[in-house]
Amino acid sequence: MYNKILAAVDGSKQAKEALQKAFSTASCYRIPLQILHVKEGDDKTKTSWHKRSNLNKLEDRQEFLREIDTMAAKYNITHKVHFRVGNPAEEIIRHANENDIELIVVGSRGFNRFQKVVLGSVSSKIIEKASCSVLVVK
């Protein structure tokens with residue numbers, strides 16, 4: 001049984017599917033859901049959103065928050081959205097550790113081998129370094 005679940009999202013189609021799975025799982029256990037979006041960068045770049053994120057524009061972020069609220073209402077689950085700046089995998093793991101998260105739910109972008117070598121895979125890094133269970137949704 002899980003008592004604390006974290007959904008890590010970036011606004012992508014895969015992240016939305018992972019978020020749906022996270023809400024469904026939280027609903028089964030009747031627990032609140034934590035949702036985290038990490039902007040890649042450092043303190044110097046806090047005002048700009050990472051170019052690979054699907055949440056670059058304020059309107060996109062607001063629309064995504066509305067989608068989250070709709071899902072929460074559908075599953076009758078309370079939720080809290082968190083935002084961090086930094087390396088996505090590291091910040092997701094840090095948030096999970098700081099909040100005693102028992103399950104991290106992430107989407108997989110389905111990078112090919114070349115993309116994984118060059119860009120890395122956030123979900124792969126989380127699987128490797130997280131101290132809790134990780135559910136990767138394809």
Side-chain angles (χ1 to χ4, degrees):
M1 179 174 166
Y2 298 111
N3 292 307
K4 291 188 176 183
I5 298 175
L6 172 66
V9 299
D10 64 2
S12 67
K13 177 183 175 228
Q14 295 84 355
K16 289 177 185 179
E17 291 172 8
L19 186 59
Q20 188 86 22
K21 180 63 82 174
F23 269 115
S24 175
T25 304
S27 176
C28 289
Y29 293 112
R30 294 188 173 96
I31 58 172
L33 178 64
Q34 292 190 40
I35 302 164
L36 175 64
H37 176 75
V38 179
K39 182 195 84 72
E40 191 167 347
D42 55 30
D43 288 337
K44 297 174 188 172
T45 60
K46 280 188 177 178
T47 57
S48 65
W49 290 83
H50 187 266
K51 63 184 174 186
R52 285 189 343 208
S53 173
N54 290 337
L55 301 175
N56 290 325
K57 298 177 186 170
L58 177 61
E59 299 84 25
D60 294 337
R61 292 191 299 276
Q62 290 172 332
E63 175 61 28
F64 193 59
L65 289 172
R66 282 191 290 276
E67 289 178 32
I68 289 171
D69 289 342
T70 300
M71 281 187 216
K74 174 183 172 185
Y75 288 99
N76 196 26
I77 294 295
T78 59
H79 65 285
K80 184 169 183 179
V81 179
H82 305 269
F83 295 93
R84 288 188 178 219
V85 176
N87 176 287
E90 291 173 9
E91 290 301 321
I92 291 164
I93 293 166
R94 183 175 291 117
H95 181 90
N97 290 339
E98 290 171 354
N99 292 278
D100 300 317
I101 298 296
E102 297 171 346
L103 175 66
I104 300 171
V105 182
V106 295
S108 173
R109 287 189 180 235
F111 285 149
N112 64 38
R113 287 183 190 172
F114 176 74
Q115 289 170 316
K116 282 184 184 177
V117 170
V118 174
L119 300 174
S121 166
V122 173
S123 56
S124 294
K125 291 174 187 172
I126 293 169
I127 291 167
E128 180 183 330
K129 297 185 179 188
S131 59
C132 63
S133 298
V134 179
L135 173 61
V136 179
V137 179
K138 287 186 169 187

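Please read these numbers as outputs of a predicted model, since none were measured by experiment.
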Give the minimum heavy-atom separation between K125 and A89, together with the two atoms involved. CB-CB, 3.6 Å
Between the CZ atom in F64 and the OG atom in S12, the distance rounded to the nearest 0.5 Å is 7.5 Å
What is the minimum heavy-atom distance between L36 and E91, and which atoms define it? CD2-O, 4.0 Å
Ring-plane angle category for H37 and F83, please: parallel below 30°, perpendicular beyond 60°, tilted otherwise. perpendicular
Measure the CG-NE2 distance between L6 and H95 for me, rounded to the nearest 0.5 Å. 5.0 Å
Apply the side chain to side chain contact (heavy atoms under 4.5 Å, CB included) test between K21 and each candidate in I5, V136, L135; give the one that qualifies. L135
Tell me, do L19 and L33 make a side-chain contact under 4.5 Å, heavy atoms counted? yes
Using every non-hydrogen atom in the two residues, find where D100 and K4 come nearest and quote the distance to one decimal. O-CD, 3.6 Å
Could you tell me the separation between the CG atom of D69 and the CE atom of M71, rounded to the nearest 0.5 Å? 10.5 Å
For I35 and F23, work out which heavy atoms get closest and say how close. CD1-CZ, 4.0 Å
Would you call E63 and R66 a salt bridge, using N to O less than 4.0 angstrom? yes
Quick one: closest heavy-atom pair of N3 and M1, and the distance? OD1-CE, 3.7 Å
Give, for atom CZ of R30 and atom OG1 of T78, the distance between the pair rounded to the nearest 0.5 Å. 13.5 Å
For L65 and V81, what are the C-alpha separation, side-chain angles and deciding distance, and is it a side-chain contact (heavy atoms from CB on, under 4.5 Å)? CA-CA 8 Å; L65 289 172; V81 179; 3.9 Å; yes
Here the gap from K39 atom NZ to N87 atom CG, rounded to the nearest 0.5 Å, amounts to 12.0 Å
Considering only NZ, NE, NH1 and NH2 on the basic side and carboxylate oxygens on the acidic side, decide whether K13 and E17 come within less than 4.0 Å. yes
Apply side-chain contact (heavy atoms from CB on, under 4.5 Å) to Q14 and S108, showing your working. CA-CA 6 Å; Q14 295 84 355; S108 173; 5.8 Å; no
If you look at every heavy atom in D10 and A15, which pair is closest and at what distance? OD1-CB, 3.2 Å
Could you check whether any side-chain heavy atom of V9 comes within less than 4.5 Å of a side-chain heavy atom of K16, counting everything from C-beta outward? no
CA sep, side-chain torsions, deciding dist, call: E90, R84, side-chain contact (heavy atoms from CB on, under 4.5 Å): CA-CA 11 Å; E90 291 173 9; R84 288 188 178 219; over 6 Å; no
If the test is side chain to side chain contact (heavy atoms under 4.5 Å, CB included), which one of S133, S123, C132 qualifies with I104? C132
